[in-house]
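Each remark here refers to the structure printed beneath this line.
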Amino acid sequence: LFIFSFASPIEFSQAIPSKAKVNLGNLPFFQNSEAEKLIVFVHGLTGDPEKTWTFEENGKSFFWPQNLAHSDPRFKNSDVFSFGYKSECGPTLNIREIARSLETRLNQLLENYSYKSLSFVAHSMGGLVVREFILSRHQHLKAQIPIESVVLLSTPNQGSGLANLAKWICNNSQLGD
């Protein structure tokens with residue numbers, strides 16, 4: 001289990017540019033030169049790879065994945081990636097397709113970086129995506145790296161009554177998975 005604390009917060013506006021050798025689009029990826037581990041953040045329903053993990057107060061922003069990668073010495077051997085997918089009303093990928101997309105992004109990283117372990121931090125439906133990835137997609141990674149830890153925050157493992165109601169209102173295939 002991860003227990004996080006932050007030595008000195010970095011404001012999101014002071015973003016440290018990624019030196020990624022791979023095009024991850026606009027998905028946040030933070031590197032450390034000594035990285036042996038990859039920590040992947042996965043947002044939930046209606047979430048976002050940046051906004052879900054950002055705390056804003058008094059005009060200042062705190063982006064948790066970035067701070068973890070660059071301010072906490074316990075994670076100096078970890079790269080941090082915040083995976084994202086479309087999650088809103090209207091046609092979207094289902095959870096299995098999102099897990100496949102996560103596999104594709106991780107394979108892009110594994111073509112250029114060698115990691116000894118993989119960890120996940122997931123919120124809400126992101127936990128369902130991570131579970132699907134572990135059960136059906138992890139074995140398809142180009143490099144077989146062990147999953148060291150998984151932190152699930154408010155994951156609806158038994159379903160959600162609100163999701164059942166929302167699927168009648170919003171045409172989103174993620175709500176039916």
Side-chain angles (χ1 to χ4, degrees), residues 1-6 9 12 24 27-30 32 35-56 62-72 74-75 77-89 92-110 115-141 143-167 170 172-177:
L1 178 66
F2 282 121
I3 298 177
F4 298 110
S5 69
F6 305 105
F12 187 56
L24 296 171
L27 297 174
F29 179 58
F30 303 100
N32 285 306
E36 296 179 350
K37 301 177 180 189
L38 177 63
I39 302 171
V40 180
F41 284 75
V42 183
H43 66 81
L45 186 64
T46 71
D48 175 274
E50 292 179 10
K51 291 178 185 171
T52 296
W53 311 109
T54 300
F55 174 73
E56 295 183 14
F62 177 86
F63 187 46
W64 192 28
Q66 180 181 9
N67 189 273
L68 178 68
H70 293 295
S71 292
D72 193 323
R74 294 174 296 174
F75 296 96
N77 67 341
S78 301
D79 285 348
V80 179
F81 172 53
S82 187
F83 173 72
Y85 55 91
K86 181 180 176 186
S87 179
E88 55 194 34
C89 279
T92 58
L93 299 176
N94 64 38
I95 290 172
R96 284 175 288 291
E97 293 166 330
I98 298 167
R100 189 173 300 117
S101 177
L102 174 58
E103 172 199 343
T104 299
R105 291 297 191 182
L106 291 176
N107 275 329
Q108 287 178 296
L109 286 169
L110 292 172
Y115 297 110
K116 293 182 180 176
S117 69
L118 180 61
S119 294
F120 291 96
V121 178
H123 176 251
S124 187
M125 192 184 79
L128 301 178
V129 170
V130 168
R131 184 178 63 195
E132 179 65 24
F133 169 80
I134 291 169
L135 294 175
S136 68
R137 307 308 312 167
H138 180 246
Q139 70 270 16
H140 299 290
L141 288 178
Q144 289 303 308
I145 55 175
I147 296 173
E148 183 176 317
S149 57
V150 177
V151 177
L152 302 178
L153 307 168
S154 300
T155 297
N157 290 301
Q158 302 299 317
S160 168
L162 290 175
N164 292 332
L165 175 64
K167 72 181 170 184
C170 182
N172 181 324
S173 60
Q174 296 161 2
L175 297 170
D177 283 349

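Note that the numbering runs from 1 along the sequence shown for the chain. Worth knowing before you read on, the calculation uses all heavy atoms, side chains too, and leaves out hydrogens, waters and symmetry mates. This is a predicted model, so every value here is computed, not measured.
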Under 4.5 Å between any side-chain heavy atoms of Leu93 and Lys86, yes or no? no
Any side-chain heavy atom of Val42 within less than 4.5 Å of one from Phe133? no
Before you tell me yes or no, could you show the steps for Arg105 and Val40 under side chain to side chain contact (heavy atoms under 4.5 Å, CB included), namely the whole-Å CA-CA distance, both residues' side-chain angles and the distance that decides it to 0.1 Å? CA-CA 11 Å; Arg105 291 297 191 182; Val40 180; over 6 Å; no
Answer yes or no: is there a side-chain heavy-atom contact under 4.5 Å between Leu68 and Val121? no
On a heavy-atom basis, which atom in Gln144 and which in His138 lie closest, and how many Å separate them? NE2-O, 3.6 Å
Looking at Ser119 and Ile39, would you say the former's side chain and the latter's main chain have a donor-acceptor pair under 3.5 Å? no
Minimum heavy-atom distance between Thr46 and Ser87, given as atom pair plus value: N-OG, 2.9 Å
Per the salt bridge (charged side-chain N to carboxylate O under 4.0 Å, His left out) rule, what does the pair list look like for residues 116-138, sequence neighbours excluded? Glu36-Lys116, Glu103-Arg137
When you compare the side chain of Thr155 with that of Val130, does any pair of heavy atoms fall below 4.5 Å? no
As an exercise, state the distance from OG of Ser136 to CZ of Arg100, rounded to the nearest 0.5 Å. 7.5 Å
Nearest 0.5 Å, what's the CG-CG distance between Leu110 and Leu118? 8.0 Å
Least distance between heavy atoms, Ser82 atom then Pro49 atom: OG-O, 2.5 Å
Would you say the ring centroid of Phe63 lies under 6.0 angstrom from that of Phe30? yes
Taking the inter-plane angle between the rings of His43 and Tyr85 on a 0 to 90° scale, is it parallel (under 30°), tilted (30 to 60°) or perpendicular (over 60°)? parallel
Measure from the side-chain N and O atoms of Asp79 to the backbone N and O of Asn32, and report whether any donor-acceptor pair falls under 3.5 Å. yes
Quick one: pull up CD1 in Ile145 and OG in Ser117 and give me the separation to the nearest 0.5 Å. 7.0 Å
Distance check, rounded to the nearest 0.5 Å: Leu102 atom CG versus Ile95 atom CD1? 12.5 Å
Measuring from Leu128:CG to Leu45:CG, what's the distance to the nearest 0.5 Å? 10.0 Å
So Val80 and Trp53, do their side chains get closer than 4.5 Å, heavy atoms only? no
Kindly indicate whether the side chain of Pro28, heavy atoms from C-beta on, has any atom under 4.5 Å from the side chain of Glu50. yes
Step-by-step side chain to side chain contact (heavy atoms under 4.5 Å, CB included) determination, Asp48 to Thr54: CA-CA 10 Å; Asp48 175 274; Thr54 300; over 6 Å; no
For Ser124 and Gly44, work out which heavy atoms get closest and say how close. CB-CA, 4.1 Å
Picking from Phe120, Trp64, Phe81, what satisfies ring-ring contact (aromatic ring centres under 6.0 Å, His included) with Phe41? Trp64
Side chain to side chain contact (heavy atoms under 4.5 Å, CB included) between Leu106 and Leu38: does it pass, once the steps are laid out? CA-CA 10 Å; Leu106 291 176; Leu38 177 63; 3.7 Å; yes
With Thr104, which residues qualify under side-chain hydrogen bond (donor to acceptor under 3.5 Å, both in side chains), at least two apart? none
